[in-house]
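Inspection log for the structure reproduced underneath, given as structure tokens.
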Amino acid sequence: PYLCDFVWQVQALNREGKPMGNNEGKSDVFMFGAQDAGTSKSISLVAPENNKSISQKDAQNPIKFRWTPIIPKPVGEITYRLKVWQLMQGQNGTAAMRTNPPIVTKDVENITQTVVTGIYTGPCRSPYLCDFVWQVQALNREGKPIGNNEGKSDVFMFGAQDAGTSKSI
């Protein structure tokens with residue numbers, strides 16, 4: 001919870017400790033920040049967890065996506081762009097992201113979560129699977145990526161499974 005952002009100000013006092021000059025002898029307030037060179041990091045995905053298997057019934061409800069913010073937080077607004085892809089038979093996540101259009105693209109401003117409805121339209125039939133991959137990208141006000149890896153997080157996978165199956169992804 002502790003940020004490395006600081007403010008500072010100077011006050012002029014006479015020998016008796018009384019303020020001198022206008023504004024009780026106080027200067028304008030200035031701000032600076034400190035960061036460890038190793039603290040700059042990309043977004044980390046939180047939920048749905050990687051390789052999470054959810055029931056098809058639960059997948060019909062809104063699904064909450066959460067991630068950590070990009071650190072250090074840049075000045076100005078940040079757009080987090082969530083993308084979700086559905087896998088087709090024989091695909092891994094990389095192939096799906098390269099060849100399939102995302103089934104969800106959603107931008108949120110300065111927050112690290114969003115709810116998406118309508119991801120699972122089941123029942124899943126060939127060639128579509130009930131498996132999905134998702135990724136978040138941080139963008140500045142001009143739409144340019146912020147941070148490492150073009151502002152992109154790692155990729156997480158989750159799946160909607162029939163309650164009667166024990167398939168895991």
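- Taking 4.5 Å as the limit, every side-chain heavy atom of Q91 sits out of range of all side-chain heavy atoms of D131.
- Between the S27 side chain and the V10 main chain, a donor and an acceptor come within less than 3.5 Å of each other.
- Looking at heavy atoms from C-beta onward, I63 lies out of side-chain contact with V115 at the 4.5 angstrom threshold.
- Side-chain contact check for P19 versus Q11: some heavy-atom pair is nearer than 4.5 Å.
- Aromatic pair F132/W85: centroids not less than 6.0 angstrom apart.
- Defined by atom type and a distance below 3.5 Å, a donor-acceptor pair is missing between the side-chain atoms of E77 and N140.
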After noting the C-alpha distance and the side-chain angles of F158 and N51, does the key distance pass the side chain to side chain contact (heavy atoms under 4.5 Å, CB included) rule? CA-CA 5 Å; F158 69 97; N51 296 321; over 6 Å; no
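- Judged by distance alone, the side chain of Y80 and the main-chain N or O of K106 form no donor-acceptor pair under 3.5 Å.
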Discussion item. Side chain to side chain contact (heavy atoms under 4.5 Å, CB included) for V84 and V133? Distances and angles first, verdict last.
Written reply: CA-CA 6 Å; V84 181; V133 292; over 6 Å; no
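- Between the N110 side chain and the I78 main chain, a donor and an acceptor come within less than 3.5 Å of each other.
- With contacts defined as side-chain heavy-atom distances shorter than 4.5 Å, the pair L82/T105 does not qualify.
- Side-chain atoms of T112 do not come within 3.5 Å of backbone N or O of T68 as any donor-acceptor pair.
- In this structure, the side chains of I146 and L139 stay at 4.5 Å or more apart for every pair of heavy atoms.
- For the pair D107 (side chain) and T79 (backbone), a donor-acceptor distance under 3.5 Å is absent.
- N92 places a side-chain N or O within 3.5 Å of a backbone atom of T94 that can act as its donor or acceptor partner.
- A 4.5 Å side-chain heavy-atom check between C130 and Q56 finds at least one atom pair inside the cut-off.
- With salt bridges taken as basic N to acidic carboxylate O contacts below 4.0 Å, one links K26 and E24.
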